[in-house]
S.K.: 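Got a structure for you, questions after.
Note that this is a predicted model, so its numbers are computed, not measured.
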Amino acid sequence: MGFVRSLLAVPASNPRMIEKALASEADAVFLDLEDAVAPGEKEAARGNVVRAFTGMDWRGRTPTFRVNALDTRWFYGDVIEVVEWARVPCAIIVPKVGRAEDLYALDVLLRGVEAGAGLEPGSVSLEAQIESASGLARVEEIAFWGGRLEALHFGPGDFAASVGMPGRNIGIEDAWDELYPGHRFHHAMARIATAARAGGLRVLDGPVADFRDEEALRRSCRVARALGYDGKWCIHPAQIATVNREFSPSEEELERARRIVAAYEEAGRSGVGAIAVDGQMVDEASVKMARRTLERAGE
């Protein structure tokens, strides 16, 4: 999977919402068996995931679902039933990852399930949610685990609960944010992003709960992108367009990046050492950032 700007979460218990999600413009979609599904519906919802994986058009996206946490009674059934019944390469979002051993345990289970389903080893990739004090304290070892792991996700709601941070709602700034001299989640977000990049992983930010507050969503996107995040969760289709726009380079950014790369390449051909673009000196680091910008736009 390439760059993912928008990741749309959909309750696995609602087939109609699944159909709408797959028809949306979200870069990626996942079917949620965890928080979005009531305990009494979790086991039946697995069948909806299988039917979506085998009978619906994912439009080039990787079929993805979120299991219940490893310490719940639903976890093993989520993995075994969905992967064995669907028998397709897919991705699993793993909530509340607190240590690298969590991923190892899931990997051992998946090896047997893949073999039983006739899938190639490694057909199921993993994406880990960092949403606890334990997960953040061990985020580097989680990111460096390797194996099937392809991405880290920050879960601000559960993280806040884990460390005892007060707040009104997920992704919504309130009086506590006004009181604190800085961004309250900066440390967690920056550390997760750094660990993800060091481990060669994608990194995504969690959701904004109030899907009607576009300004709050826009600000949250910009903060995450400023820290190097690839994209953000959406909990409603109405958030997709804003998230896609905010995590895409603007035309101004692209034009400057093109000028920097062109000037650098011309300097290399002519043997010139130092170059300037728009009155500012350009070095190797500037060129790397420019190329990264162009890469995000598919250039």
Side-chain angles (χ1 to χ4, degrees), residues 1-12 14 16-32 36 52 56-66 90-91 93 125 127 129-130 150-157 169-173 183 185 189-190 192-193 196-197 201-258 289-299:
M1 187 185 297
F3 286 110
V4 172
R5 301 165 300 174
S6 52
L7 174 62
L8 180 59
V10 191
N14 192 320
R16 182 167 170 271
M17 290 182 68
I18 293 172
E19 290 181 6
K20 287 189 172 182
L22 294 179
S24 75
E25 294 305 312
D27 288 347
V29 173
F30 79 88
L31 312 186
D32 191 16
M56 294 186 180
D57 184 5
W58 283 72
R59 299 168 58 197
R61 307 180 183 103
T62 299
T64 303
F65 71 112
R66 179 166 69 165
C90 61
I93 296 177
S125 61
E127 304 189 11
Q129 280 189 269
I130 307 300
E150 294 189 353
L152 297 184
H153 301 244
F154 177 46
N169 210 336
I170 299 172
I172 305 297
E173 294 186 357
H183 191 279
F185 291 106
M189 292 181 67
I192 291 168
R197 297 312 188 200
L201 309 173
R202 291 180 287 108
V203 60
L204 286 93
D205 189 22
V208 169
D210 188 349
F211 61 85
R212 297 162 298 186
D213 192 338
E214 186 174 350
E215 183 54 39
L217 177 62
R218 184 180 297 112
R219 173 172 168 75
S220 185
C221 288
R222 290 179 178 177
V223 168
R225 189 177 171 212
L227 288 171
Y229 279 66
D230 294 307
K232 188 172 185 65
W233 284 32
C234 300
I235 58 170
H236 192 282
Q239 296 178 316
I240 295 171
T242 297
V243 171
N244 282 346
R245 181 174 62 252
E246 294 300 330
F247 281 96
S248 297
S250 67
E251 188 55 43
E252 180 181 353
E253 290 178 276
L254 290 172
E255 187 55 41
R256 175 171 169 76
R258 294 182 191 114
M289 290 190 292
R291 285 180 171 151
R292 179 80 172 181
T293 297
L294 297 176
E295 183 184 355
R296 286 191 65 88
E299 296 188 17

S.K.: Listed by chain and number, what are the side chain to side chain donor-acceptor pair (under 3.5 Å) partners of R218, not counting sequence neighbours?
M.R.: E214, E215
S.K.: May I ask you to decide if L22's main-chain N or O and R61's side chain share a donor-acceptor pair within less than 3.5 Å?
M.R.: yes
S.K.: Hey, which of N244, T242, D205 is the one that makes side chain to side chain donor-acceptor pair (under 3.5 Å) with K232?
M.R.: D205
S.K.: Does NZ or CZ of R66 lie under 6.0 Å from the centre of the six-membered ring of F30, at an angle within 45° of the ring axis?
M.R.: no
S.K.: For residues V208 and I235, report the shortest heavy-atom separation together with the two atoms involved.
M.R.: O-CD1, 3.5 Å
S.K.: Please work out whether the ring planes of F211 and H236 are parallel, tilted or perpendicular, with thresholds of 30° and 60°.
M.R.: parallel
S.K.: Are any side-chain N or O atoms of R256 and backbone N or O atoms of A290, one a donor and one an acceptor, separated by less than 3.5 Å?
M.R.: no
S.K.: What pairs with F185 under ring-ring contact (aromatic ring centres under 6.0 Å, His included), at least two apart in sequence or on another chain?
M.R.: F154
S.K.: Please confirm whether the backbone N or O of L204 pairs with a side-chain atom of D230, one donor and one acceptor, at under 3.5 Å?
M.R.: no
S.K.: Restricting to side chain to side chain donor-acceptor pair (under 3.5 Å), what partner residues turn up for E252, sequence neighbours left out?
M.R.: none
S.K.: What closest approach, in Å, do P207 and I170 show between heavy atoms, and which atom pair accounts for it?
M.R.: O-CG2, 3.4 Å
S.K.: Report yes or no: does S220 contribute a side-chain atom to a donor-acceptor pair with the main-chain N or O of L217 at less than 3.5 Å?
M.R.: no
S.K.: By the ring pair (Phe, Tyr, Trp, His ring centres under 6.0 Å) test, which pairs, at least two apart or in different chains, include something from residues 213-232?
M.R.: none
S.K.: Would you give the length of the straight line joining atom CZ of R5 to atom SG of C234, rounded to the nearest 0.5 angstrom?
M.R.: 10.5 Å
S.K.: Return yes if some donor-acceptor pair links the side-chain N/O of S6 with the main-chain N/O of D27 below 3.5 Å, else return no.
M.R.: yes
S.K.: Quick check: do H153 and E127 have side-chain heavy atoms less than 4.5 Å from each other?
M.R.: yes
S.K.: What residues form a side chain to side chain donor-acceptor pair (under 3.5 Å) with R258, not counting sequence neighbours?
M.R.: E251, E255, E299
S.K.: List for me each residue that meets side chain to side chain donor-acceptor pair (under 3.5 Å) alongside R212, sequence neighbours excluded, and say none if there are none.
M.R.: D210
